[in-house]
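These values consider heavy atoms only, across backbone and side chains, with no hydrogens, waters or symmetry-generated copies. Small disclaimer: the values here were computed from a predicted structure and weren't measured.
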Amino acid sequence: MSATAAVSMALTVGAVAPARPAQAAITGWFSAVISAVVTLASRGGSGWDPQLEAAKQQIISAVESSKQEILNHIDAIAAADVEACTQAAVTKVAQIDSMPGSLLGPFVNGAVDCAALSSSYFNAVQDPWAADNIGKLMGVIYSIAMLGFAKYNLSTRTLLDNLIRGYQAVQVKMRPSNCGMGNAYPGNDIPRAQANPCTGSCGATRTTETSATRR
């Protein structure tokens with residue numbers, strides 16, 4: 001079952017997916033925090049409680065355990081504004097409880113704006129490698145944005161709806177290319193890439209570009 005379908009089903013029937021230990025790889029990252037995202041969506045705006053606290057800790061733990069791989073993907077983003085806002089959110093989220101109001105507000109606004117920016121960037125890019133890269137980060141930044149909204153006792157359902165639409169766009173855009181998203185979220189319905197996924201319709205195999213190589 002895809003991450004999108006699992007979230008939709010959980011919200012529809014009121015079931016929460018069982019928590020999984022945080023994974024140290026971005027592959028399947030969203031599946032690792034799906035129960036936390038469902039909790040944020042179903043309880044956000046109703047006051048902070050132990051379930052939201054557990055969801056917060058699950059998301060922070062998942063970010064921290066896979067931070068280096070996340071940062072590697074961020075470093076490969078060609079758009080400087082998307083790269084900067086995503087890196088800031090990932091770097092700061094672990095300190096969300098110690099932020100004074102003067103910092104928490106800008107952090108939350110920045111994460112929400114960055115989530116919207118990541119969706120716009122994904123929709124605009126034509127390069128399959130760039131689309132694959134931002135697609136893998138979309139769940140990370142939206143989860144952080146939802147956590148920030150929940151801390152402010154605001155509803156997170158709109159953010160989740162936007163994330164679901166983003167994943168649907170990922171499935172549509174990456175299906176013809178077979179350039180990696182088939183392995184990004186276990187159990188999804190994107191055709192699995194073969195041994196050499198980024199050939200054929202995607203062109204010759206390409207080394208991932210980073211900000212270092214761009215300079």
Practice task
Look at the side chain of S118 and the backbone N and O of A115, then say whether any donor-acceptor pair between them is shorter than 3.5 Å.
Solution key: yes
Problem - Residue pair A89 / I141: nearest heavy atoms and the distance that separates them - result: CB-CD1, 3.6 Å
Problem - I60 and L147, any side-chain heavy atoms less than 4.5 Å apart - result: yes
Problem - E69 CD to I74 CD1 distance, which is reported to the nearest 0.5 Å - result: 11.5 Å
Problem - L40, I144, L159 screened by side-chain contact (heavy atoms from CB on, under 4.5 Å) with F149, the one that passes - result: L159
Exercise for the section: Verify whether one side chain among Y142 and S119 offers a donor that lies under 3.5 Å from an acceptor in the other. Expected result: yes
Handout entry: T158 and N162, any side-chain heavy atoms less than 4.5 Å apart
Key = yes
Practice task
Any chance you could measure N153, atom CG, to L52, atom CG, to the nearest 0.5 Å?
Solution key: 9.0 Å
Problem - Donor-acceptor contact present, side-chain S65 to main-chain A62, <3.5 Å - result: yes
Practice task
May I ask you to decide whether R165 forms a salt bridge with D161, counting only side-chain N to carboxylate O separations under 4.0 Å?
Solution key: no
Practice task
Mind checking the CD1-CG spacing from I134 to D127? Nearest 0.5 Å is all I need.
Solution key: 13.0 Å
Fill in the blank from the handout: Note: Q58 and V33 closest approach over all heavy atoms is NE2-CA, 3.7 Å
Problem - Closest approach of K92 to M99 (non-hydrogen atoms, all atoms of both residues) - result: O-CE, 3.4 Å
Completion exercise
Residues at least two apart in sequence or cross-chain that pass salt bridge (Lys or Arg N to Asp or Glu O under 4.0 Å) with K56, listed by chain then number, are E53, D97
Handout entry: Exam field: side chain S61 to backbone Q57, donor-acceptor pair closer than 3.5 Å
Key = no
Practice task
State whether the number of non-hydrogen atoms from other residues, nucleotides or ligands found under 6.0 Å of K67 atom NZ is greater than 12.
Solution key: yes
Fill in the blank from the handout: Here the pair of heavy atoms bringing A36 nearest to I59 is CB-CG1, 3.8 Å
Completion exercise
Looking only at heavy atoms, the pair that brings T156 and M146 closest together is CG2-O, 3.3 Å
Exercise for the section: First locate atom CD1 of I164, then atom OH of Y167, and finally report the distance between them rounded to the nearest 0.5 Å. Expected result: 10.0 Å
Exercise for the section: With side-chain contact (heavy atoms from CB on, under 4.5 Å) as the test, would you mind laying out the steps for Y121 and D81 before giving the verdict? Expected result: CA-CA 10 Å; Y121 174 70; D81 50 355; over 6 Å; no
Exercise for the section: Starting at OG1 of T86, measure out to CD1 of I70 and round the result to the nearest 0.5 Å. Expected result: 10.5 Å
Exercise for the section: Find out whether V82 and L137 are in side-chain contact, i.e. whether some heavy atom of one side chain is under 4.5 Å from a heavy atom of the other. Expected result: no
Exercise for the section: State, with a plain yes or no, whether a side-chain heavy atom of V108 is found less than 4.5 Å away from one of K151. Expected result: no
Practice task
Return the minimal non-hydrogen interatomic distance between E83 and I77, and the atom names on each side.
Solution key: OE1-O, 3.5 Å
Practice task
Examine distances only and state if a side-chain atom of S98 and a backbone atom of Q95 form a donor-acceptor pair shorter than 3.5 Å.
Solution key: yes
